[in-house]
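Below is one structure, written out as structure tokens; comments come after it.
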Protein chains: 2
Amino acid sequence: MDSITTLLRNRGFKVTPQRLAIYKVLVNTRSHPSAEMIFNDLQPVYPTMSLATVYKTIEILQELGLVQRLNVGEDSFRYDAIVDTHPHIRCLGCGRVDDLEEVDSQEFVKSIDETTSYKITGQQFYFFGYCPVCQKQKKHQN
Amino acid sequence: MDSITTLLRNRGFKVTPQRLAIYKVLVNTRSHPSAEMIFNDLQPVYPTMSLATVYKTIEILQELGLVQRLNVGEDSFRYDAIVDTHPHIRCLGCGRVDDLEEVDSQEFVKSIDETTSYKITGQQFYFFGYCPVCQKQKKHQN
DNA sequence: CTCGTTGCAAACACTTTGCACTAAT
DNA sequence: ATTAGTGCAAAGTGTTTGCAACGAG
């Protein structure tokens with residue numbers, strides 16, 4: 001199996017508790033945390049861990065193809081352990097970022113691929129709106 | 001007509017040569033420049049203009065709905081005077097950013113809108129790949 | 001003349017880097 | 001024992017802000 005442990009070792013990276021912990025946070029959440037959110041999550045368990053370690057680890061995880069980086073229009077990046085390309089949506093009320101996995105974007109990608117002179121290698125789809133909770137709280141302007 | 005001059009005045013903003021020049025740069029290009037690119041463009045004509053003015057002006061232009069801000073996965077934002085939402089593609093070889101206007105994304109947006117519990121207010125589609133020039137120059141890894 | 005704007009520099013926020021100490025192999 | 005990684009602080013980027021001098025209305 002290709003566990004994170006094996007993947008790290010195969011590439012000459014050492015397996016440290018910090019790296020495992022950071023990856024675990026990403027695997028166990030759907031909240032698409034930023035580096036700082038991961039850092040805060042781990043504060044209770046790894047009080048001495050630094051933000052720099054989070055950034056350095058995330059970079060390795062991206063290299064290994066275990067994590068993808070999202071740019072949801074905020075000042076900071078967010079990270080997702082689901083590396084398959086799928087659309088994301090950010091709530092303009094509370095800032096939460098959700099997956100939009102149900103939808104098939106293949107046809108859309110295909111139509112782009114057929115009309116552009118570019119050779120397409122990847123894509124990111126970002127939606128913006130208001131989540132159910134914020135809709136009720138009228139945090140949105142109708 | 002709703003020229004930039006009128007729009008500025010209507011909202012109590014003053015019409016300055018800097019503001020007109022910055023907007024003109026955006027209207028006359030398809031390169032989706034960053035703030036710094038705009039700044040560099042204007043250096044010969046407005047040698048004393050500061051980057052801060054570019055940023056402040058762009059913010060106003062966004063408020064007026066004359067410009068949209070793009071987040072193409074770089075460290076800096078890019079700006080587009082075509083405010084209608086359309087997909088963009090960035091060349092991973094040379095960094096150029098192009099429009100993908102030919103394609104209709106309505107159906108894709110509609111299918112998302114029908115499956116999500118969010119109230120969607122906007123979206124951004126970003127593609128990545130290699131432009132014709134970089135494909136020839138083999139700047140891409142096959 | 002008045003009040004918003006410019007341009008400079010300083011402040012900011014997020015991310016990256018340098019380096020001595022520590023820990024994985 | 002070796003060599004890479006951690007954690008701290010400092011440096012880097014792009015962007016924003018404060019403020020005195022300036023210019024549009």
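Note on naming: letters A, B, ... go to the chains in the order of the sequence lines (proteins, then strands), and numbering restarts at 1 for each one.
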L20(B) CG to dG23(D) P, straight-line distance once rounded to whole Å: 16 Å
Please give, in whole Å, the distance from dG4(C) C1' to R9(B) CZ? 14 Å
Which nucleotide in the set dA4(D), dC8(D), dT5(C) lies at the smallest distance from any side-chain heavy atom of F13(B)? dT5(C)
Integer-rounded Å distance: dA4(D) P and K14(A) NZ: 7 Å
Identify which nucleotide among dT3(D), dC14(C), dG7(C) has an atom closest to any side-chain atom of E36(A), counting heavy atoms from C-beta outward. dC14(C)
Given dG7(C), dC8(D), dT25(C), the nucleotide with the shortest approach to the side chain of S50(A): dC8(D)
5'-most contact on DNA chain D (nearest-nucleotide basis), T16(B) vs A35(B), goes to A35(B)
To the nearest 0.5 angstrom, please state how far the CD1 atom of I120(B) sits from the CD1 atom of I89(A). 4.5 Å
Could you tell me the separation between the OG1 atom of T115(A) and the CG atom of L100(B), rounded to the nearest 0.5 Å? 6.5 Å
With respect to the phosphate group of dA24(C), does any side-chain polar atom (N or O) of R19(A) fall under 4.0 Å of OP1 or OP2? no
Report the nucleotide, chosen from dG7(C), dA24(D), dG14(D), that has the shortest atom-to-atom distance to any side-chain atom of Y55(B). dG14(D)
Indicate yes or no: at least one non-hydrogen side-chain atom of K24(B) is less than 4.5 angstrom from one of I4(B). no
Taking only side-chain nitrogens and oxygens of T53(A), does any of them come within less than 4.0 Å of OP1 or OP2 of dT6(D)? no
How long is the line joining CZ of F77(B) and P of dT15(D), in whole Å? 7 Å
Near DNA chain D, which residues from residues 56-75 of chain B have a heavy atom under 4.0 Å away? K56(B), D75(B)
Could you tell me whether the side chains of D98(A) and H32(A) share a donor-acceptor contact shorter than 3.5 Å? no
Within the pair Q18(B) and dA24(D), is there a side-chain N or O less than 4.0 Å away from OP1 or OP2? no
Could you measure the distance from the CD atom of Q106(A) to the NZ atom of K110(A)? Nearest 0.5 Å is fine. 10.5 Å
Hey, which of these two, L51(B) or P17(B), hits DNA chain D nearer its 5' end, going by closest nucleotide? L51(B)
Nearest-Å distance, CZ (F39(A)) to P (dG7(D))? 10 Å
Distance col, row Y118(A):OH vs I112(A):CD1, nearest 0.5 angstrom, shows 12.5 Å
Can you tell me how far C1' of dG14(D) sits from OH of Y79(B), to the nearest Å? 9 Å
dG7(C) phosphate, OP1 or OP2, under 4.0 Å from T48(B) side-chain N/O: yes
Please check if any side-chain donor atom of Q124(A) sits under 3.5 Å from a side-chain acceptor atom of Q68(A), or the reverse. yes
Please report, rounded to the nearest Å, how far the C1' atom of dT25(C) is from the CZ atom of R11(A). 19 Å
Salt bridge flag under 4.0 Å for residues R78(A) and E36(A): no
Out of dC14(C), dC8(C), dT25(C), whichever nucleotide has its closest atom nearest the side chain of A52(B): dC8(C)
Using whole Å, what does the distance between atom P of nucleotide dC14(C) and atom CD1 of I38(A) come to? 14 Å
